[in-house]
S.K.: 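I'd like to ask you about the structure that follows.
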Amino acid sequence: MFRTLFLMLALLAGLIAGPHLSGQQGYVRIETANNIYEMSITTLVILFVATLAIIYFVEWGISRFLRLSNNTYSWFSRRKRVKAQKQTLKGLMKMNEGDYAKAEKLIGKNAKHSDEPILNLITAAEAAQQRGDEFSANRYLIEATELAGSDNLLVEIARTRILLQQNKLPAARSSVDSLLEMTDRNKEVLKLAVEIYTQSKAYQALDNILDLIQRAGIYNEEEFKAIQVKTENGLLDEKMNEEGVDGLLAWWEEQPRRRRQDLDLKVALIERLIDCNDHESAYEFTLEVLKKWGENTPLSPTLCTQITRLQPVDNTKLIKMIEKRVKRADEDQQCGINRALGYLYVRNNEFTKAAEAFKKVIACPKQLESNDTMMAIYIFEQAGDNATVEQIRQESLRHAMSLHHEETEKTKENPTALLEKQGENL
């Protein structure tokens, strides 16, 4: 439109100025060092216009050539990109099928022409790691780092995950520590932290991020509780092994009130104190637990087991509390509580009372533990009840014979069962 208007204006100007200049063309003289050029004004204008036309034509030719080159380049680039996408999709399918070698080749080879080359390199690294090629996995990660930079979250997460798969726990621990400094709210980072800290037994580091894990909602209530219990038990073992009883008790006093009010954790503390042979401290904690344990709440089997291990100087208070609770206990709870009460009586050499408690224990054959038979025989012998001792021995012998018969039948059905069992024992 502009060019057409320009030409019309130029034509109009020529029609107006032409007759006027026809008899007055003027004179132009151009003189250089060696040459002199003489011409009319009309000739000069014609030369000027012709020069502009030549320049315009050259510009048009060059632009056309460059546009053609650019279109050609774009066509080849688009073709490579489409091919890379197809090969990447095939590689992902091969990876899902478990053909990691083919997946690595398809995904890694086309990384440069992919829309997301970093993702291709990371996936290729994971495929290489799955087939055990750590060198190639590290090479892909280096290339991804060069493209994305050293602080790219996606690359660092992939690196940490691969270090964990390579079982390089110190390096993985260092990497996940850096990730938590970059972002402590990313769910994938928190998952990796849980796995790495658990495997490396870094329970203090795991304890520091428990609140973040809970707020992130990564795990359901049961899963989070399992992680919390494992962490707290790990901390107890760590303090016990490194600092002994004094360090363990000092650490316990420093814990927040919520943790110190956790009865299950307090039972775990009692177990460690008994392991350290500090029965008096364990005894005091046991009394605290029983006082706070609801009357209608079943006693923890773990607590009953720890009571059987207690050897305080004076267990009178504990016996009274257990005697009171056993009267109100459900039938399912009777066995565990009577077992604990029987052991307490034995500590005081009250074998008659212990015999009464263990009669109720052996009356629950489905809840018997491995040491119950030997303990019952010892108690009834001390109490002078030889008839019951003989009866328990006969029952124990019949039970052993029935187990032997079952093993023999299994061996007949499967001749290699015995060899497999021996191999497991070895």
Side-chain angles (χ1 to χ4, degrees), residues 198 201 203 206-207 210 221-241 245 248-249 251-252 255 257-312 315 317-347 354 357-358 360-362 364-376:
T198 302
K201 296 183 179 181
Y203 295 112
L206 184 55
D207 185 50
L210 278 179
E221 187 176 350
E222 292 182 1
E223 292 172 337
F224 176 76
K225 183 64 177 178
I227 293 172
Q228 185 179 27
V229 169
K230 187 176 182 65
T231 302
E232 291 171 341
N233 279 275
L235 287 171
L236 288 172
D237 288 332
E238 189 176 285
K239 292 299 177 182
M240 179 186 69
N241 294 328
V245 174
L248 181 60
L249 292 174
W251 173 85
W252 179 260
Q255 297 309 297
R257 190 167 184 266
R258 175 194 61 79
R259 180 167 284 175
R260 287 185 285 110
Q261 295 299 320
D262 188 336
L263 297 182
D264 290 329
L265 183 59
K266 194 171 287 188
V267 172
L269 174 64
I270 293 170
E271 180 180 357
R272 270 71 178 184
L273 291 172
I274 295 174
D275 290 339
C276 294
N277 206 30
D278 186 359
H279 291 272
E280 297 305 320
S281 297
Y283 178 71
E284 294 299 326
F285 278 109
T286 303
L287 294 178
E288 289 182 17
V289 170
L290 286 173
K291 288 177 183 178
K292 295 179 180 179
W293 209 289
E295 291 291 338
N296 298 323
T297 305
L299 277 183
S300 165
T302 307
L303 176 60
C304 292
T305 301
Q306 301 314 314
I307 291 175
T308 64
R309 300 175 61 205
L310 270 177
Q311 300 180 35
N315 59 14
K317 291 182 180 180
L318 182 57
I319 288 177
K320 289 180 179 179
M321 295 179 73
I322 297 295
E323 287 175 340
K324 182 179 178 182
R325 183 170 284 272
V326 76
K327 295 176 182 178
R328 302 178 181 178
D330 296 336
E331 190 174 333
D332 294 337
Q333 292 285 307
Q334 289 283 339
C335 183
I337 299 176
N338 277 299
R339 181 186 295 109
L341 190 58
Y343 273 85
L344 292 174
Y345 285 140
V346 170
R347 301 276 190 264
F358 258 81
K360 298 174 182 178
V361 173
I362 61 177
C364 306
K366 294 183 179 180
Q367 299 183 40
L368 289 179
E369 295 182 355
S370 58
N371 294 328
D372 285 345
T373 301
M374 295 301 297
M375 190 64 179

S.K.: Can you check whether Leu249 reaches Leu273 side chain to side chain, under 4.5 Å on heavy atoms?
M.R.: yes
S.K.: Listed by chain and number, what are the side chain to side chain contact (heavy atoms under 4.5 Å, CB included) partners of Arg260, not counting sequence neighbours?
M.R.: Trp252, Gln255, Arg257
S.K.: Which heavy atom in Gly336 sits nearest to a heavy atom in Cys304, and how many Å separate them?
M.R.: O-CB, 3.9 Å
S.K.: What's the separation between atom CZ in Phe285 and atom CG in Leu303, rounded to the nearest 0.5 Å?
M.R.: 13.5 Å
S.K.: Please step through side-chain contact (heavy atoms from CB on, under 4.5 Å) for the pair Gln306 and Leu310, ending with a clear verdict.
M.R.: CA-CA 6 Å; Gln306 301 314 314; Leu310 270 177; 6.0 Å; no
S.K.: Consider side-chain contact (heavy atoms from CB on, under 4.5 Å). Of Val289, Leu290, Val326, which one does Leu299 pass it with?
M.R.: Leu290
S.K.: Do side-chain atoms of Asn315 reach the backbone of Pro312 as a donor and acceptor pair under 3.5 angstrom?
M.R.: no
S.K.: Run the salt bridge (Lys or Arg N to Asp or Glu O under 4.0 Å) test against Lys225 and tell me which residues pass, sequence neighbours left out.
M.R.: Asp262
S.K.: What distance do Asp264 atom CG and Asn233 atom CG have between them, rounded to the nearest 0.5 Å?
M.R.: 9.5 Å
S.K.: Please list, chain by chain and in numerical order, all residues satisfying salt bridge (Lys or Arg N to Asp or Glu O under 4.0 Å) with Asp278, sequence neighbours excluded.
M.R.: none
S.K.: Apply side-chain contact (heavy atoms from CB on, under 4.5 Å) to the pair Ile270 and Ile307, showing each step before the final yes or no.
M.R.: CA-CA 9 Å; Ile270 293 170; Ile307 291 175; over 6 Å; no
S.K.: Taking the side chain as everything from C-beta on, heavy atoms only, tell me whether Lys292 gets closer than 4.5 Å to Gln261.
M.R.: yes
S.K.: For a quick test of reading the model, state the closest non-hydrogen atom pair linking Arg347 to Thr308 and the distance between them.
M.R.: NH2-O, 2.7 Å
S.K.: If you take all heavy atoms of Tyr343 and Asn371, which pair is closest and at what distance?
M.R.: OH-CB, 4.3 Å
S.K.: Can you tell if the side chain of Met375 reaches within under 4.5 Å of the side chain of Val346, non-hydrogen atoms only?
M.R.: yes
S.K.: Quick one: salt bridge (Lys or Arg N to Asp or Glu O under 4.0 Å) partners of Glu223, sequence neighbours excluded?
M.R.: none
S.K.: Which atom pair, heavy atoms only, marks the closest approach of Arg258 to Gln228?
M.R.: NH1-NE2, 3.3 Å
S.K.: To the nearest 0.5 Å, how far apart are CG in Leu235 and NZ in Lys230?
M.R.: 12.0 Å
S.K.: Look up atom CD in Gln333 and atom CZ in Arg328, then write down how far apart they are to the nearest 0.5 Å.
M.R.: 14.5 Å
S.K.: Flag the pair Leu269 / Leu265 as yes when at least one side-chain heavy-atom distance between them is below 4.5 Å, and no otherwise.
M.R.: no
S.K.: Quick one: side chain to side chain contact (heavy atoms under 4.5 Å, CB included) partners of Lys317, sequence neighbours excluded?
M.R.: Tyr283, Leu287
S.K.: Applying salt bridge (Lys or Arg N to Asp or Glu O under 4.0 Å), can you list everything that pairs with Arg272, at least two apart in sequence or on another chain?
M.R.: Asp237
S.K.: Looking at every non-hydrogen atom in both residues, tell me the closest pair between Val361 and Leu368 and how far apart they are.
M.R.: O-CD2, 3.4 Å
S.K.: State, with a plain yes or no, whether a side-chain heavy atom of Ile337 is found less than 4.5 Å away from one of Ile322.
M.R.: yes
S.K.: Looking at CZ of Arg309 and OG1 of Thr286, how far apart are the two atoms once the value is rounded to the nearest 0.5 Å?
M.R.: 11.0 Å
S.K.: Kindly give the heavy-atom pair with the smallest separation between Gln334 and Ala329, and that separation in Å.
M.R.: NE2-O, 3.2 Å
S.K.: Measuring from atom CG of Leu248 to atom NZ of Lys239, what distance do you get when rounded to the nearest 0.5 angstrom?
M.R.: 9.5 Å
